[in-house]
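Inspection log for the structure reproduced underneath, given as structure tokens.
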Amino acid sequence: MSLLERRTTLSATPRGERLPPAASRARLPGSDRVRGWLAALGVFALALALRLWDLGNPRAFAFDETYYAKDAWSLRHFGYVQSYVEDADRAILGGQTTGLWTGDPSMVVHPELGKWLIALGESTFGMTPFGWRVSSAVVGALMVLVMVRLARRVTRSTALGVLAGLLLCLDGQHLVLSRLALLDVYLAFFVLCAVACTVADRDWTRSRLAELVGETRLAAGAWGPRLWWRPWRLAAGLCWGAAVSTKWTALFVLAAFGLTMWLWDAGARRSFGVRWAVAKSAVIDAAPALAYVVVLPFVLYVLSWTGWLLHADVYERALSDTQYGPYWGSYLETDATGFLPELWQSLQSLWHYHHDVFSFHTRFLDDSTHAYQSSPWGWFVLNRPVGISTELDIAAGTQGCTAAAGSTCLRQVLLLGNPVVWWAGSVAALWSLTAGLLRRDWRHGLVLVGLAATWLPWFRYDDRPIFSYYASASLPFLVLAVVLLVGGIAGTGVAGSAASRARRVTAGAVAGVLLALTVVAFVFFWPIWTDGLLTNAEWQQRMWFRRWI
């Protein structure tokens with residue numbers, strides 16, 4: 001058995017059977033690792049080019065950019081989010097950035113990290129559409145890179161890793177979110193990074209246990225080696241902290257994968273003969289993990305509010321006068337003096353502030369409606385896209401419009417996924433449900449946990465405006481389901497056998513057709529993802545369903 005085959009066997013064991021130490025110590029050949037990184041960087045370069053192309057258009061505050069772009073600029077220059085004057089959008093697009101902020105704090109309903117990242121682009125390229133979008137473009141491309149590496153680790157196939165990266169790269173919803181100053185691409189990126197680190201921790205743990213146990217058999221009642229230092233788990237904790245510091249919805253995913261890590265650790269110990277592995281792992285693995293995936297993310301989350309904490313007194317004085325009066329007010333009767341008392345008072349104020357923000361999300365929005373809201377039931381099949389910006393009635397002969405006499409052109413940015421990617425992902429997710437339950441394959445379990453944690457919680461809030469792009473964090477798991485399905489078609493038969501060759505040819509054909517259809521759909525829908533000029537007839541060709549209009 002080759003080194004590559006032994007390494008594949010180690011991470012491919014579905015039910016965590018014990019493996020010989022030699023297998024755990026095997027590593028991928030150096031040339032294969034180099035090819036894997038070169039392939040991943042190639043897909044990353046393609047994703048970055050597509051996301052940076054003509055990024056400054058539309059030259060407007062598109063959709064909720066009007067909030068996040070200005071909040072980011074305010075954070076960068078004042079340390080906290082300030083409200084702004086009327087017509088601030090027009091003034092900013094005209095090149096003015098001073099005299100627009102009032103000095104009064106503005107209500108912020110999401111944590112600050114994503115806005116700080118938007119501010120990084122604005123600080124580098126100015127308060128322009130390109131400036132407030134460029135960080136999203138870079139993060140979106142990096143997400144494609146992580147997708148390649150995660151899929152490659154799970155499947156032990158560079159080809160399947162590249163397929164996963166290309167499917168994500170060529171998806172319309174991911175492309176559009178990567179070209180907007182919204183928070184969702186940052187959330188999806190940090191969640192994917194955390195999951196990738198968690199999977200790497202699974203591999204590292206099994207390899208380390210095999211090295212420590214060696215060829216000896218564990219005694220009856222043994223607990224197995226203690227692993228206090230978990231470098232990949234530390235990295236996962238940092239990523240979870242960043243995810244929660246971007247949007248609270250990351251908490252659902254953190255909780256789900258926290259339980260998954262515990263069960264994976266228990267399975268690893270069981271494979272080495274540990275009895276009552278779940279209970280023992282709760283003590284020897286899960287308890288120490290709290291420092292990595294609970295305490296560390298919590299500390300990072302609080303630190304992400306540093307700007308707010310340093311200006312808590314400003315919020316104290318002003319928030320009771322805002323339009324959100326029922327949810328705001330002065331929390332503290334007297335001002336503290338001294339560093340520690342002031343810090344404690346600021347933390348108390350931040351706690352009460354979170355209570356008010358939660359009230360805003362759960363009460364203030366209950367009676368709201370929106371033209372583009374949709375039910376989570378249809379998100380994976382693209383039941384209702386979101387219109388980001390539209391310019392109608394462009395006369396023939398202007399801006400290059402070639403419409404026939406009596407007709408006009410338009411430009412639009414529509415938050416619509418690539419139908420091939422999402423519909424194939426939906427079918428593959430059903431396969432993962434079957435394989436995960438019947439085969440108990442941890443890879444399909446990974447897909448199911450990811451989809452459940454990023455999708456199911458939204459049903460609790462489907463009585464108020466929620467949107468299909470909230471499923472952006474689910475997309476990587478749909479993509480992973482697709483590559484697992486293709487890998488399942490290829491099978492694990494005896495190398496060189498006729499059956500093995502036939503299955504691999506079939507899998508290659510399926511992957512080729514899927515990728516070709518994805519590229520065709522990408523080219524076809526490209527104009528409505530990038531504010532392209534279309535005649536009304538050309539636009540109608542792309543509106544396959546009434547609910548897409």
Side-chain angles (χ1 to χ4, degrees), residues 46-47 49-66 69 87 89-90 92-95 128-134 136-137 140 169-182 370-374 378-379 381-423 467-469 515-549:
L46 173 63
L50 292 172
R51 282 147 182 78
L52 290 177
W53 181 87
D54 199 25
L55 187 61
N57 284 314
R59 185 171 174 75
F61 287 91
F63 201 58
D64 282 353
E65 283 187 332
T66 187
D87 292 331
D89 289 10
R90 181 181 56 81
I92 291 170
L93 292 171
T128 64
F130 184 91
W132 63 65
R133 294 169 187 161
V134 65
S136 298
C169 171
L170 300 177
D171 175 65
Q173 187 178 108
H174 188 268
L175 176 76
V176 175
L177 287 175
S178 300
R179 293 167 56 87
L180 292 173
L182 304 183
H370 196 284
Y372 291 115
Q373 68 186 73
S374 58
W379 286 356
V381 294
L382 308 178
N383 68 326
R384 181 62 170 161
V386 176
I388 298 298
S389 68
T390 305
E391 181 183 358
L392 300 172
D393 299 326
I394 301 174
T398 62
Q399 300 186 34
C401 177
T402 58
S407 185
T408 59
C409 294
L410 58 83
R411 295 182 184 273
Q412 184 179 45
V413 176
L414 189 67
L415 239 176
L416 171 70
N418 188 318
V420 178
V421 175
W422 285 82
W423 294 346
F467 306 94
S468 57
Y469 65 86
L515 186 57
L517 291 175
T518 300
V519 172
V520 170
F522 182 82
V523 173
F524 182 68
F525 287 103
W526 171 265
I528 64 171
W529 291 333
T530 58
D531 201 45
L533 183 68
L534 292 170
T535 65
N536 286 331
E538 291 170 335
W539 177 80
Q540 287 284 353
Q541 291 174 355
R542 289 158 175 81
M543 297 299 103
W544 291 355
F545 304 100
R546 184 179 297 275
R547 285 183 58 81
W548 286 12
I549 298 176

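For the numbers below, each heavy atom of this structure counts, side chains included, while hydrogens, waters and symmetry mates do not.
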Flag side-chain contact, heavy atom, 4.5 Å: [X] against [Y]:
{"X": "Val176", "Y": "Tyr469", "result": "no"}
{"X": "Leu170", "Y": "Val421", "result": "no"}
{"X": "Phe61", "Y": "Leu93", "result": "yes"}

Going by the angle between their ring planes, with limits at 30° and 60°, are Trp423 and Trp544 parallel, tilted or perpendicular?
tilted
Whether Phe467 and His370 hold their rings parallel, tilted or perpendicular, with breakpoints at 30° and 60°
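Answer is perpendicular, since the angle exceeds 60°.
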So, the side chain of [X] versus the backbone of [Y]: is there a donor-acceptor pair under 3.5 Å, distance only?
{"X": "Arg59", "Y": "Thr128", "answer": "no"}
{"X": "Arg51", "Y": "Cys169", "answer": "yes"}
{"X": "Ser136", "Y": "Leu180", "answer": "yes"}
{"X": "Arg547", "Y": "Arg384", "answer": "no"}
{"X": "Trp548", "Y": "Leu382", "answer": "yes"}
{"X": "Asp171", "Y": "His174", "answer": "yes"}

Working note: Ile528 + Leu534, criterion side chain to side chain contact (heavy atoms under 4.5 Å, CB included); need CA distance, chi angles, decisive distance, verdict.
CA-CA 8 Å; Ile528 64 171; Leu534 292 170; 3.6 Å; yes
State the [atom1]-[atom2] distance between [X] and [Y], to the nearest 0.5 angstrom.
{"X": "Asp54", "Y": "Phe130", "atom1": "CG", "atom2": "CZ", "result": "10.5 Å"}
{"X": "Ile549", "Y": "Trp539", "atom1": "CD1", "atom2": "CH2", "result": "4.5 Å"}
{"X": "Glu65", "Y": "Ile388", "atom1": "CD", "atom2": "CD1", "result": "8.0 Å"}
{"X": "Thr66", "Y": "Asp89", "atom1": "OG1", "atom2": "CG", "result": "3.5 Å"}

Nearest atoms (heavy-atom pairs only) where [X] meets [Y]:
{"X": "Arg179", "Y": "Arg133", "result": "O-CD, 3.2 Å"}
{"X": "Ser178", "Y": "Gly140", "result": "OG-CA, 3.4 Å"}
{"X": "Pro385", "Y": "Leu415", "result": "CB-O, 3.3 Å"}
{"X": "Leu414", "Y": "Met543", "result": "CD2-CE, 3.9 Å"}
{"X": "Ala181", "Y": "Trp132", "result": "CB-O, 3.1 Å"}
{"X": "Pro58", "Y": "Pro129", "result": "O-CB, 4.2 Å"}

Check the pair Phe525, Leu416 against side chain to side chain contact (heavy atoms under 4.5 Å, CB included), reporting the backbone distance first and the verdict last.
CA-CA 9 Å; Phe525 287 103; Leu416 171 70; 4.1 Å; yes
Phe524 ring centre to Arg542 NZ or CZ under 6.0 Å, with the angle to the axis within 45°?
yes
Can you check side chain to side chain contact (heavy atoms under 4.5 Å, CB included) on Val420 and Val520, steps first, answer last?
CA-CA 9 Å; Val420 178; Val520 170; over 6 Å; no
Taking it one step at a time, do Leu175 and Trp526 satisfy side chain to side chain contact (heavy atoms under 4.5 Å, CB included)?
CA-CA 10 Å; Leu175 176 76; Trp526 171 265; 3.9 Å; yes
Among Leu533, Thr408, Asn536, side chain to side chain contact (heavy atoms under 4.5 Å, CB included) partner for Ile394
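Option passing the side chain to side chain contact (heavy atoms under 4.5 Å, CB included) with Ile394: Leu533.
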